[in-house]
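Okay, so here's the structure we're looking at.
These numbers come from a predicted model, not from an experiment. In what follows, every chain begins at residue 1, and chains take the letters A, B, ... in the order their sequences are listed.
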Amino acid sequence: MPELPEVESVVRALAPALTGRSIKSVEVRNTSTVAGSPGRPAALAGRRIDSVARRGKYIRIHCDRNLGLAIHLRMTGWLGVKTAMELAAEADPYVRVLFHLHPLKEGAASQKEALVFRDIRKFGRVWCGPDPALDGLKALAKLGPDALAIEPAAFAERLRARRGRLKSLLLDQTFLAGLGNIYADEALHEARVHPLQEAQRLSNAKALALHAAGKGVLERACAAGGSSIDDYLHPDGTPGWFQRELKVYGREGEPCRRCGAKVRRVVVGQRGTWFCPKCQRKG
DNA sequence: ATCTATTCCTGGCTGC
DNA sequence: TGCAGCCAGGAATAGA
């Protein structure tokens with residue numbers, strides 16, 4: 001599942017491949033993947049890609065004339081660039097949207113012909129339109145501070161202002177943008193905080209520890225190219241390797257890598273939640 | 001404000 | 001082997 005580190009990996013790989021390229025046409029193979037009015041994608045034809053960036057788990061592509069894209073990979077979304085030969089050789093039923101690109105040089109076979117949005121479960125979304133409209137999308141406009149950018153004191157202050165269980169709060173993108181199920185569990189484990197801990201009753205020291213743990217986990221995961229657990233792969237098809245570093249996520253019944261106690265799985269807010277009952281206590 | 005249930009969707013798993 | 005039934009899960013949405 002793409003969370004902040006996975007999306008960051010996608011952006012780092014795509015930025016150099018796409019910047020400066022112009023969109024020739026947009027081929028929508030699954031209409032429900034593209035949000036908003038059906039004519040929107042066509043407006044991107046002829047536009048030059050100026051930058052590729054990340055906001056929380058969203059990918060923002062900016063073009064000239066203040067047009068652009070917002071993309072969310074959700075569960076199984078994948079983005080990559082392919083050559084004309086690669087596209088012709090495979091009949092991939094899961095390709096949902098193709099952004100065909102103008103060639104940089106005529107006749108170069110190695111040149112990427114299209115930006116491909118592939119998505120098995122069709123949960124992913126692509127928005128096209130003017131930048132102000134994209135940034136004004138309810139989900140984007142309400143996004144909380146980025147999990148990698150927020151300062152420790154600001155994080156602790158935000159926590160104090162909220163009620164509810166920490167696990168649910170960490171998954172709330174309006175509270176903090178970028179964390180998902182994997183890294184929320186890993187951050188809580190590293191900070192030795194129980195996922196059901198009431199946010200308001202967390203000590204300032206623990207709040208700062210949670211901030212440091214979250215930032216540390218995210219930075220290490222970014223350096224590892226993210227976690228390839230179910231479907232996630234880099235734009236070039238290679239996997240990330242942070243899944244090998246996971247301490248609790250998906251490890252029900254296995255020994256905690258810190259204390260040896262059996263990792264437990266509970267459901268919090270309809271989300272599978274893994275934690276070590278010995279290391280992580282409510283306080 | 002916070003919580004829960006529901007919807008979206010499909011591959012992969014379980015159990016018969 | 002085949003097949004029905006269930007599950008995961010980010011986020012939007014509705015309702016409590």
- Within 6.0 Å of CD in A:Glu151, more than 12 heavy atoms from elsewhere: no
- Message: Distance check needed: B:dA1 C1' versus A:Arg162 CZ, whole Å only.
- Response: 8 Å
- Query: Between C:dA11, C:dA12, C:dG9, which one does the side chain of A:Met75 approach most closely?
  - Reply: C:dG9
- Report yes if a donor N or O on one partner sits less than 3.5 Å from an acceptor N or O on the other, where the partners are the side chain of A:Arg271 and the base of C:dA11; otherwise report no. yes
- Message: Nearest whole Å is fine: how far is C:dG9 C1' from A:Glu3 CD?
- Response: 11 Å
- Query: When you measure from every atom of DNA chain C, which of residues 123-138 of chain A have a heavy atom less than 4.0 Å away?
  - Reply: A:Phe123, A:Lys138
- Roughly how many Å is it from NZ in A:Lys122 to C1' in C:dA11, rounded to a whole number? 18 Å
- Message: Do A:Leu69 and A:Leu137 sit in one hydrophobic cluster, given that two such residues count as connected whenever their side-chain heavy atoms are within less than 4.5 Å of each other, even indirectly?
- Response: no
- Message: Tell me whether the count of non-hydrogen atoms from other residues, nucleotides or ligands lying under 6.0 Å of CZ in A:Arg201 goes above 12.
- Response: no
- Item | Which nucleotide in C:dG10, C:dG9, B:dC3 has an atom nearest any side-chain atom of A:Tyr249 | C:dG9
- Message: Are A:Phe275 and A:His189, when compared by the centres of their aromatic rings, separated by less than 6.0 Å?
- Response: no
- Would you kindly compare A:Ala139 and A:Val267 by the position of their nearest DNA chain C nucleotide and give the one closer to the 5′ end? A:Val267
- Taking only the side-chain nitrogens and oxygens of A:His72, find out if one of them lies under 4.0 Å from OP1 or OP2 of C:dG10. no
- Note on the structure: Angle separating the five-pair end axes of the helix from B:dT2-C:dA16 to B:dC16-C:dG2, nearest 10°, is 50°
- Measure up the A:Tyr58 and A:His72 rings against each other and bin them: parallel (under 30°), tilted (30 to 60°), perpendicular (over 60°). perpendicular
- Query: Can a donor-acceptor pair under 3.5 Å be found between the side-chain atoms of A:Gln270 and the base atoms of B:dA5?
  - Reply: yes
- Who passes ring-ring contact (aromatic ring centres under 6.0 Å, His included) against A:His234, sequence neighbours left out? A:Tyr232
- Task: Count the heavy atoms belonging to other residues, nucleotides or ligands that lie under 6.0 Å from CD of A:Glu245, then report whether that count exceeds 12.
- Result: yes
- Within the pair A:Gln173 and C:dA11, is there a side-chain N or O less than 4.0 Å away from OP1 or OP2? yes
- Rounded to the nearest Å, what distance is computed from the OH atom of residue A:Tyr232 to the P atom of nucleotide C:dG9? 18 Å
- Message: Between the side chains of A:Arg251 and A:Glu254, is the shortest nitrogen-to-carboxylate-oxygen separation below 4.0 Å, so that they form an ion pair?
- Response: yes
- Query: Does A:Lys57 put a side-chain nitrogen or oxygen below 4.0 Å from OP1 or OP2 of C:dA11?
  - Reply: yes
- Message: I need the CG-C1' distance between A:Leu171 and B:dT2, as an integer number of Å.
- Response: 15 Å
- Query: Do any side-chain nitrogens or oxygens of A:Arg265 fall under 4.0 Å of OP1 or OP2 in C:dA8?
  - Reply: yes
- Item | Interatomic distance, A:Leu73 CG vs C:dG9 C1' [rounded to whole Å] | 14 Å
- Message: So A:Arg74, base contact, sugar-phosphate only, or nothing? Heavy-atom distance under 4.0 Å.
- Response: base
- Query: With A:Ile61, which of A:Leu115, A:Val11, A:Leu14 fulfils side chain to side chain contact (heavy atoms under 4.5 Å, CB included)?
  - Reply: A:Leu115
- Could you tell me the separation between the OH atom of A:Tyr58 and the C1' atom of C:dA12, rounded to a whole number of Å? 9 Å
- Residue A:Tyr94, side-chain atoms from C-beta onward, closest of B:dT4, C:dG9, B:dG11: B:dG11
- Message: How many whole angstroms separate atom CG of A:Asp172 from atom P of B:dT4?
- Response: 14 Å
